[in-house]
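In what follows, chains carry the letters A, B, and so on, assigned in the order in which the sequence lines appear, proteins first and then strands, with residues in each chain numbered from 1. On a predicted model such as this, the values are computed, not experimentally measured, just so you know.
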Protein chains: 2
Amino acid sequence: MATSAIQRLSRNGNSSPERTVDLIDTKSRILDAAEELFMEHGFEATSLRLITTAAGVNLAAVNYHFGSKEELFQAVLTRRLDPMNQDRMQLLSSYESAAAGKPLSCEKILAAMFIPALKLARDHEQGGKNFLRLLGRAYADPAPFIREFLSTQYREMIGRFRAAFSFALPHIPREELSWRLHFVMGALSYTLAGADMLKIISQLQPEETTNDELLLKRLAPFLAAGLRSPCAPNNTGPSDDDGQHFFQEA
Amino acid sequence: MATSAIQRLSRNGNSSPERTVDLIDTKSRILDAAEELFMEHGFEATSLRLITTAAGVNLAAVNYHFGSKEELFQAVLTRRLDPMNQDRMQLLSSYESAAAGKPLSCEKILAAMFIPALKLARDHEQGGKNFLRLLGRAYADPAPFIREFLSTQYREMIGRFRAAFSFALPHIPREELSWRLHFVMGALSYTLAGADMLKIISQLQPEETTNDELLLKRLAPFLAAGLRSPCAPNNTGPSDDDGQHFFQEA
DNA sequence: GCTCATTTCAAACGAACGTTTGAATTTGTT
DNA sequence: AACAAATTCAAACGTTCGTTTGAAATGAGC
């Protein structure tokens with residue numbers, strides 16, 4: 001609804017030059033409508049008839065252009081996820097170059113993860129924010145094809161960032177760092193996905209809950225502190241009094 | 001499959017005494033099968049025919065005993081969620097009594113949240129772990145009836161724990177604490193829900209990923225460090241060098 | 001203008017869904 | 001044994017789903 005460029009990107013290579021269409025591509029119209037509706041209702045609960053009606057295209061257009069509903073969902077994700085992860089890795093590389101061989105701070109590494117997400121949220125006036133919520137929900141979706149798709153989409157980026165954290169936090173064992181990185185991804189995706197859940201926990205005004213930038217400004221320091229926290233050798237509590245007999249009960 | 005007591009709990013009051021049935025109640029058979037299948041496939045993708053076949057009962061039994069598929073889902077959740085949250089609040093109260101007016105440590109409060117979850121995971125050999133995964137996924141489900149249900153189920157417990165954290169961390173403003181509590185819930189539910197996602201991030205053996213206790217032993221210190229981290233007045237980074245110009249770019 | 005590949009369209013397909021029905025069966029009470 | 005309430009059951013209800021089909025429309029190349 002707010003996208004600009006009209007580029008054809010025909011399926012069979014790029015032999016033919018660009019050609020004008022309705023005003024926006026049928027394919028893009030479907031992607032935009034699907035992104036919004038998948039975000040709102042989830043994958044299973046969103047029917048192709050709902051999508052094609054909202055997009056103003058024929059029902060059969062989805063199967064013609066994308067093959068199936070599952071492939072449409074993957075196309076919705078990859079359209080924005082792939083550039084975002086690319087941005088993340090480039091930003092991380094630029095930070096590392098500027099550091100000239102010295103390890104980065106946790107905040108700096110987290111910034112390389114968050115800034116591309118924020119840019120995405122701002123780029124398309126409402127589509128971007130919707131996409132981040134859709135993405136956060138996809139993490140928790142039990143459908144195997146979604147999990148496999150995200151797994152391959154994220155593998156490279158996660159590997160790059162784990163290496164960066166490993167260099168920044170040399171005193172944290174490799175296995176412990178994997179856990180902490182997992183917690184970081186969890187808090188981030190949950191935060192991006194469940195803006196409504198905030199109403200349960202806090203009494204913030206609804207306008208405030210949509211401010212993703214403010215949200216991440218609070219999340220990054222929180223996570224950085226957890227990442228930096230000293231690592232006890234025996235897998236028990238790290239710093240406080242009752243760290244030893246922590247899970248002895250029950 | 002492993003539940004013990006056979007209690008009838010007929011819908012119209014409690015006039016009639018208990019009476020014996022098959023071996024396990026039809027109602028319980030449905031709940032057990034539904035819990036496992038909802039966990040595996042999600043709410044939308046799990047059909048009543050799949051549930052009733054797995055439970056060995058007639059298709060119409062779900063609508064007879066529970067009214068609808070949605071009410072069955074709520075019954076699956078509330079059967080274990082309500083006692084777990086009750087345990088959490090009781091455990092927190094006992095810790096507070098033992099502290100005799102002094103504030104609890106973050107780890108202690110987190111223990112009051114985690115221990116009942118671990119007890120639940122151990123109680124039923126595999127049903128408990130399945131339930132935690134189901135619960136974690138329900139957090140991210142977009143269905144309105146699920147969100148409303150969880151909201152009411154959690155409101156009381158969250159309020160109790162926020163008060164405890166507020167007392168333990170008096171230097172953290174109320175609003176900032178709400179955010180951090182939100183992050184805690186996010187990391188916890190994500191961790192409980194997505195054990196498979198770990199394979200993306202770490203190269204842990206699959207046997208290790210199922211060890212929830214070890215998992216939470218690592219999660220609690222991580223979260224405690226984040227909760228305790230100093231709070232900058234300007235919502236910027238808390239402690240490190242580049243905390244100021246953190247999100248200036250993009 | 002004709003050709004041919006690409007795209008759109010209305011219509012239908014078979015399957016699966018949640019739910020309802022009404023009769024059969026079981027169960028507890030008298 | 002007889003009755004009434006509770007529960008089970010097979011069958012069908014109407015709807016919606018993702019996908020397929022074959023003809024109509026469209027647009028570029030010769």
C/dT8 OP1/OP2 closer than 4.0 Å to side-chain N/O of A/His65: yes
N or O in side chain of B/Asn58 less than 4.0 angstrom from D/dA10 OP1/OP2: yes
Interatomic distance where CD1 belongs to A/Ile30 and P belongs to C/dT8 [whole Å]: 8 Å
Worked verdict on A/Gln153 versus A/Asp82 for side-chain contact (heavy atoms from CB on, under 4.5 Å): CA-CA 7 Å; A/Gln153 281 276 326; A/Asp82 199 45; 4.0 Å; yes
D/dT8 phosphate, OP1 or OP2, under 4.0 Å from B/Thr26 side-chain N/O: yes
For atom CZ of B/Phe73 and atom P of C/dT19, their distance in whole Å: 14 Å
Protein-nucleotide distance (A/Phe43, atom CZ; D/dC17, atom P), rounded to Å: 13 Å
Rounded interatomic separation in angstrom, taking CZ from A/Phe66 and C1' from C/dT7: 14 Å
Smallest separation among heavy atoms of A/Ala33 and A/Ile51, with atom names: CB-O, 3.8 Å
Rounded interatomic separation in angstrom, taking CG from A/Asn63 and P from C/dT8: 13 Å
Validation row, ring centre A/Phe43 to ring centre A/Phe145 under 6.0 Å: yes
Lys/Arg-Asp/Glu bridge criterion (N-O < 4.0 Å) met for A/Arg79, A/Asp32: yes
Between P of D/dG18 and CG of A/Leu37, the distance in whole Å: 12 Å
Close side-chain approach of B/Leu48 to B/Phe66, heavy-atom, < 4.5 Å: no
Which donor-acceptor pairs under 3.5 Å do the side chains of residues 109-117 of chain A make with protein atoms, sequence neighbours left out?
none

Chi angles and distances behind the side-chain contact (heavy atoms from CB on, under 4.5 Å) call for B/Lys119, B/Asp87: CA-CA 10 Å; B/Lys119 187 172 63 145; B/Asp87 280 2; 2.7 Å; yes
Distance-only donor-acceptor check, side chains A/Ser151 and A/Glu148, under 3.5 Å: no
For atom CD1 of A/Ile24 and atom C1' of C/dT7, their distance in whole Å: 18 Å
Nearest listed nucleotide, side chain of B/Tyr64, among D/dT19, C/dA10, D/dT7: D/dT7
Polar contact flag, side-chain donor to acceptor under 3.5 angstrom, B/Arg49-B/Thr53: no
Sugar-phosphate, base or nothing in reach of A/Ala61, heavy atoms under 4.0 Å: nothing
Show the distances under 3.5 angstrom between N or O atoms of the protein and N or O atoms of nucleotides 12-17 of chain C.
| residue | atom | partner | partner atom | Å |
| --- | --- | --- | --- | --- |
| C/dC17 | OP1 | B/Ser47 | OG | 3.2 |

Divergence of helical axes at both termini of the helix from C/dT3-D/dA28 to C/dT30-D/dA1 - five pairs an end, 10° steps: 10°
